[in-house]
Each structure stands twice: as C-alpha cells, then as structure tokens.
Amino acid sequence: MKSIEVVAAVIRSGGKYLCVQRGRTKFSYTSFRYEFPGGKVEKGESLQEALQREIMEEMDYTIEVGEKLLTVHHIYPDFEITMHAFLCHPIGEQYVLKEHIAAQWLSPGEMVTLDWAEADKPVVKKISEQ
C-alpha cells in the first residue's frame with residue numbers, strides 16, 4: 001500500500017480557522033470533503049518548508065508556521081497517510097483557491113458541522129476541545 005507523508009496548515013485568524021473544500025478527486029471518499037490545506041513533503045524539505053511551499057502553490061498565500069498540533073496516521077482504502085498538522089498564522093491578506101472549490105473561516109463550533117476528510121477529523125476534534 002502506498003504511504004504518503006503530508007503537512008497540513010491549520011490557519012487561525014481572529015479565533016476562526018480556514019477550512020477548504022476539495023472538488024472531485026480520484027477517490028469518492030476524499031471528493032468534496034473539507035480539509036486543512038497542505039500537501040506532500042518533498043525530499044530534503046523540512047515539514048515547515050513543505051507547508052509554506054504547498055500553501056503558496058495551492059493558494060498564493062503567505063503563512064507563518066507555528067507549533068505542531070498533532071500527527072495523524074490514517075489508512076484509507078487505497079493509501080495510507082501520515083499528516084503533520086501545524087498551527088499557522090496568515091501573513092498575506094488574500095488567498096486564491098487553485099485546488100479547492102470553497103473556503104470558509106469558521107469557529108471550532110462551526111467546524112464540527114462540516115463533512116471532513118477522515119484524516120482531518122482528529123485535528124478538528126483537537127481544536128474543538130481547546
């Protein structure tokens with residue numbers, strides 16, 4: 001089974017968090033689900049470097065990477081994922097959705113109502129418990 005290491009940006013501003021929605025993907029179980037933006041770690045990159053690069057590529061958005069919130073291991077039917085989620089703060093004002101179909105800034109209480117990708121659910125749970 002294919003194993004993927006990824007990073008996720010939990011971007012907080014004014015007590016709200018940036019939640020982004022994927023469009024149709026190769027797999028029905030990830031299509032149209034909400035997630036925290038991010039992506040794959042490339043060879044030779046630190047987790048923080050990978051996160052800043054991915055957010056710039058996906059959203060043209062400059063962020064400051066803060067503390068690691070948690071690492072999630074999740075096995076999907078076709079691949080397994082190790083996701084490192086970091087608390088981040090926006091530096092840029094505007095972002096552009098290049099790989100997602102929707103984005104919303106939500107409070108922890110509002111976030112729990114969304115249809116999240118399975119790997120992102122433990123991150124939502126941790127935020128909502130803080």
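For this chain, numbers begin at 1 and follow the sequence in order.
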Note to self: Would you say Met56 ends up clustered with Val41 if hydrophobic residues are merged whenever their side chains have heavy atoms under 4.5 Å apart, either directly or through other cluster members?
What the structure shows: no
Next item on the list: Answer with yes or no whether the side chains of Glu58 and Tyr95 bring together a donor and an acceptor at under 3.5 Å.
Entry: no
Next item on the list: Go through the steps to decide whether His84 and Lys68 satisfy the test side-chain contact (heavy atoms from CB on, under 4.5 Å), and finish with yes or no.
Entry: CA-CA 7 Å; His84 307 282; Lys68 185 191 272 192; 3.3 Å; yes
Notebook entry, point to check: So how far is it from Tyr17 OH to Leu106 CG, rounded to the nearest 0.5 Å?
Noted result: 11.5 Å
Check: When rounded to the nearest 0.5 angstrom, what distance separates CD in Gln21 from CG in Leu114?
Finding: 8.0 Å
Check: Under a 4.5 Å side-chain heavy-atom rule over Ile, Leu, Val, Met, Phe, Trp and Tyr, are Ile75 and Val123 clustered together?
Finding: no
Check: Is there a side-chain contact between Pro90 and Thr62 (heavy atoms, below 4.5 Å)?
Finding: no
Check: Can you find a heavy atom in the side chain of His89 that is under 4.5 Å from one in the side chain of Arg12?
Finding: yes
Checklist line | Minimum side-chain heavy-atom gap Thr71-Thr82 below 4.5 Å | finding: yes
Note to self: Within this structure, what is the CD1-CG distance for the pair Ile127 and Leu87, rounded to the nearest 0.5 Å?
What the structure shows: 7.5 Å
Item checked: Sub-4.5 Å side-chain heavy-atom contact between Gln48 and Val7 -> no
Item checked: For Ile55 against Gly38, the heavy-atom pair lying closest together -> CD1-N, 3.9 Å
Notebook entry, point to check: side-chain contact (heavy atoms from CB on, under 4.5 Å) between Val112 and Val124: does it pass, once the steps are laid out?
Noted result: CA-CA 7 Å; Val112 297; Val124 174; 4.0 Å; yes
Notebook entry, point to check: How many angstroms lie between atom CG of Leu51 and atom CD of Glu54, to the nearest 0.5 angstrom?
Noted result: 8.5 Å
Next item on the list: State the CD1-CZ distance between Ile101 and Phe32, to the nearest 0.5 angstrom.
Entry: 5.5 Å
Next item on the list: Determine, step by step, whether Tyr76 and Phe27 satisfy the ring pair (Phe, Tyr, Trp, His ring centres under 6.0 Å) criterion, reporting the C-alpha distance in whole Å, the side-chain angles of both residues, the deciding distance to 0.1 Å, and the verdict.
Entry: CA-CA 10 Å; Tyr76 285 106; Phe27 304 114; 8.3 Å; no
Item checked: Results of salt bridge (charged side-chain N to carboxylate O under 4.0 Å, His left out) for Arg22 - residues two or more places apart only -> Glu35
Margin query: Do Leu70 and Ile4 land in one hydrophobic cluster if side-chain heavy atoms of ILVMFWY residues count as linked below 4.5 Å?
Written below: yes
Margin query: Considering only residues two or more places apart or on different chains, which pairs with a residue in residues 92-113 satisfy salt bridge (Lys or Arg N to Asp or Glu O under 4.0 Å)?
Written below: Lys16-Glu110, Asp60-Lys98
Note to self: What verdict does the side chain to side chain donor-acceptor pair (under 3.5 Å) test give for Gln104 and Tyr34, after you've listed the backbone C-alpha separation in whole Å, the side-chain angles of each residue and the deciding distance to 0.1 Å?
What the structure shows: CA-CA 10 Å; Gln104 355 180 13; Tyr34 276 85; 2.9 Å; yes
Next item on the list: Output yes when a side-chain donor or acceptor of Ser31 lies under 3.5 Å from a complementary backbone atom of Thr25, and no otherwise.
Entry: yes
Item checked: Electrostatic pair Arg53-Glu42, nearest N-O below 4.0 angstrom -> yes
Check: Could you give all pairs that pass the salt bridge (Lys or Arg N to Asp or Glu O under 4.0 Å) test and reach residues 119-130, with sequence neighbours left out?
Finding: Glu118-Lys121, Lys125-Glu129
Notebook entry, point to check: Quick one: does Ile11's side chain get under 4.5 Å of Trp105's, heavy atoms only?
Noted result: yes
Margin query: Pair Gln52, Val65 - check side-chain contact (heavy atoms from CB on, under 4.5 Å), show working.
Written below: CA-CA 7 Å; Gln52 287 180 313; Val65 179; 3.7 Å; yes
Next item on the list: Using a 4.5 Å cut-off on heavy atoms from C-beta on, say whether the side chain of Ile63 contacts that of Phe86.
Entry: no
Next item on the list: Answer yes or no: is there a side-chain heavy-atom contact under 4.5 Å between Cys19 and Met111?
Entry: yes
Next item on the list: Give the minimum heavy-atom separation between Ala119 and Met83, together with the two atoms involved.
Entry: O-CE, 3.3 Å
Check: If every non-hydrogen atom of Val20 is compared with every non-hydrogen atom of Met59, which pair is closest and at what distance?
Finding: CG1-CE, 4.2 Å
Note to self: Can you give me the closest heavy-atom contact between Ala9 and Phe36, atom names plus distance?
What the structure shows: O-CB, 3.5 Å
Checklist line | For Glu45 against Ala50, the heavy-atom pair lying closest together | finding: OE1-CB, 3.3 Å
Notebook entry, point to check: Does Val10 reach the side chain of Cys88, with side-chain heavy atoms less than 4.5 Å apart?
Noted result: no
